[in-house]
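Order of the sequence lines fixes the chain letters, A, B, ..., with proteins taken first and strands second; residue numbering starts at 1 for each chain. Heavy-atom basis, side chains included; hydrogens, waters and symmetry copies ignored.
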Amino acid sequence: MLKIENLHATVGGKEILKGLNLTINDGEIHAIMGPNGAGKSTLSYVICGREGYEVTAGSVFFNGRDLLDMSPDERAGEGIFLGFQYPVEIPGVSNMNFLRTALNSQRHYRGQNDMTAVDFLKLVRAKAKELDMDPEMLKRPVNVGFSGGEKKRNEMVQMAVLDPCLAVLDETDSGLDIDALKIVAKGINRLRNADKSILMITHYQRLLDYVVPDFVHVLADGKIVKTGDRTLALQLEEKGYAGLDIAGNAA
Amino acid sequence: MVAMEEARNAVNEISDKYKYGFVTDIETEKAPKGLNEDVIRFISAKKSEPDWLLDWRLKAYRKWLTMEEPTWAMVDYPEIDFQDIYYYSAPKSAEDGPKSLDEVDPELLETYEKLGISLKEQEVLAGVAVDIVFDSVSVATTFRAKLKEAGIIFCSISEAAHDYPELMQKYMGSVVPVADNFYSALNSAVFTDGTFVYIPKGVRCPMELSTYFRINEAGSGQFERTLIIADEGSYVSYLEGCTAPQRDENQLHAAVVELITHDDAEIKYSTVQNWYPGDRNGLGGIYNFVTKRGACRGKNSKISWTQVETGSAITWKYPSCLLIGDNSVGEFYSVTLTNNYQQADTGTKMIHIGQNTSSTIISKGISAGKSEATYRGLVRVMAGADNARNFTQCDSLLIGDRCGAHTVPYIEARNPTAQVEHEATTSKISDEQLFYCQQRGLSAEDSVAMIVNGFCKDVMQHLPMEFAVEAQKLLGINLEGSVG
């Protein structure tokens with residue numbers, strides 16, 4: 001599904017990613033952990049095409065197509081979703097209107113017609129219910145006045161409605177209490193199937209108790225320095241990054 | 001920075017390419033260029049006006065000669081040569097006066113169809129009565145009969161001068177005196193047509209009344225006059241909207257709108273203004289110098305102005321309310337979008353005279369390109385206005401770093417019981433917001449439209465549904481509330 005080779009990227013002239021390789025196949029869940037400043041968020045922004053994150057070498061292919069040629073909205077249309085670490089507020093735009101516009105934009109990209117208002121309402125209400133979101137929240141402006149937990153829940157509802165092929169979750173679990181964490185985990189597990197892939201970026205192995213990954217990678221100093229299974233995360237939790245014999249590489 | 005560039009481009013897409021740039025070729029009969037008493041007599045004779053109206057015009061003209069163009073607004077433009085303007089032009093086909101749409105010049109109808117305002121459609125579907133002003137003469141009026149049943153008068157101001165001289169003489173110039181300002185005096189001397197509405201006691205107008213203005217003849221001034229009177233306990237919602245064909249020559253527009261509400265009456269006046277703003281380099285575009293004022297003469301009466309201003313090279317406009325009757329209410333909701341070299345100096349005046357009067361002002365300014373937008377507002381509480389209340393909110397949204405937004409509030413409270421609140425914010429569309437929207441699938445253009453739409457929501461929700469569509473087209477925005 002996603003194939004990243006020798007990826008180098010700079011932000012503000014500073015090289016952050018320094019030859020990163022990562023392959024994610026259909027149906028796999030990958031977790032990326034790593035110390036602060038290793039380039040975790042940069043990786044998620046580069047995959048999604050954020051302005052200011054400049055790729056200087058390497059390639060990113062998604063289902064065989066070159067992602068680096070595409071605008072952020074085209075990548076979304078291809079089926080890539082980014083769960084934001086800090087979801088953005090959009091005053092005056094209701095959640096419902098935002099989601100409907102987003103969904104229909106993606107449908108247009110894929111050559112489909114608008115979803116009818118009735119079908120959309122059914123869909124969004126069902127997804128909100130699955131994730132225990134109060135339907136009133138759908139009428140409120142996007143993320144305005146939401147608590148940290150509500151914002152992350154909102155990200156999960158958006159993900160459920162947009163139903164992406166690849167979800168990139170940038171520290172979606174950070175700063176959440178245990179109930180909110182469970183909601184996030186529920187959102188991820190509901191998306192999970194043989195055709196979907198998930199890339200979770202996290203600081204803590206806590207989330208991995210609820211969403212069991214197929215692979216765990218350690219990102220340090222702009223590269224993946226170690227790959228293992230779930231036990232690698234437990235090992236990290238116990239010994240820290242220093243205990244992994246990668247300290248020399250870490251930023 | 002690149003994202004901001006995209007945002008600017010997106011705004012260009014939304015507001016820059018003026019899609020209504022076409023010119024209708026209809027033979028016109030016009031007065032010679034320039035302004036003198038003979039031209040005024042020509043206009044008056046063309047309209048077979050009664051003597052009192054000609055006298056009124058001439059007095060206004062003589063007053064105007066003694067006045068000077070105002071220069072206090074934050075707008076900059078080359079001096080206007082008032083002798084280089086045509087003050088009267090009328091489509092020839094209007095001479096006989098069409099009795100129905102079938103008699104209207106087909107080319108004219110086609111023009112409106114291009115604008116998406118098919119009259120027939122409106123008649124049948126929207127239930128909106130339309131009094132079209134095309135180059136200064138009303139050429140089609142609909143639904144007159146139905147309105148007449150309710151006792152409502154809805155006609156051109158020229159007709160009103162013939163048919164309802166008492167009402168005209170009683171009210172015209174009573175809210176905006178002839179000598180109120182330079183442009184109101186000019187308008188009073190040369191106004192060529194406009195709309196007259198009278199809603200009798202206790203009548204709730206059964207439909208939204210609407211006029212589409214359109215400037216067409218090159219170099220011809222457009223001097224409209226609107227007079228709306230809501231008698232005791234009546235209600236009317238009036239829509240004014242306009243688009244103009246593309247020209248690279250400046251065109252002067254100086255309208256006067258007067259509203260009067262008696263006891264317990266309400267007027268809701270909504271405007272979507274989309275006149276040609278000039279090209280990307282600031283060449284051409286309409287000069288829009290408008291005087292709009294309403295007088296809440298009666299107790300518990302209400303006047304509400306809602307405007308979406310996206311067009312014109314220069315906008316100079318302050319729809320105002322004189323809150324004379326006790327408990328009367330004034331409202332002003334405004335969205336102003338300026339781009340490229342557009343300049344807008346707009347706002348409102350709320351004059352609290354009666355007791356327990358209240359006013360609300362919500363102004364949203366969006367500036368892009370090299371444009372300058374100024375909010376200028378006055379809230380004045382007179383000595384006798386016990387317990388007057390005002391709330392003002394002025395928000396500015398900047399797109400790019402070469403535009404300007406200015407807020408100039410004047411507050412004068414002469415009564416110690418007055419409560420006056422003013423809030424103002426200035427913000428920019430952030431890269432984070434743009435990326436968030438784009439990541440969810442919206443194009444850069446749609447993302448900006450959505451963010452701008454959200455920014456304007458508090459004003460947009462005051463527009464009647466019939467107009468919401470027009471506003472949506474103009475801002476390139478999906479309106480909130482279509483779902484859920």
Side-chain ion pair, A:Lys152 and A:Glu155, N-O less than 4.0 Å: no

Under 4.5 Å to a heavy atom of chain B? For A:Leu162 that would be side chain

Cut-off 4.5 Å, heavy atoms of chain B, and the answer for A:Asn143 is side chain

Under 4.5 Å from any heavy atom of chain B - which part of A:Val118: neither

Tell me whether B:Lys364 forms a cation-pi arrangement with B:Phe455, defined as NZ or CZ under 6.0 Å from the six-membered ring centre and within 45 degrees of its axis. yes

Lys/Arg-Asp/Glu bridge criterion (N-O < 4.0 Å) met for A:Glu28, A:Lys196: no

Is chain B contacted by the side chain of A:Pro87, its backbone, both, or neither, given a heavy-atom distance below 4.5 Å? both

Would B:Ser304 and B:Glu331 count as having a side-chain donor-acceptor pair, cut-off 3.5 Å? yes

Can you tell which of A:Gly49, A:Gly77, A:Cys48, A:Pro164 has the highest number of heavy-atom pairs within less than 4.5 Å of chain B? A:Cys48

Of the backbone (N, CA, C, O) and the side chain (C-beta and beyond), which part of A:Glu74 lies under 4.5 Å from a heavy atom of chain B, both, or neither? neither

Are A:Lys186 and A:Glu130 within salt-bridge range, i.e. N to O under 4.0 Å? no

Highest number of heavy-atom pairs under 4.5 Å with chain B among A:Tyr45, A:Tyr109, A:Phe81 belongs to A:Phe81

Between B:Tyr436 and A:Phe98, is the gap from one ring center to the other below 6.0 Å? yes

Heavy-atom cut-off 4.5 Å, strictly under: side chain, backbone, both or neither for A:Arg50 against chain B? both

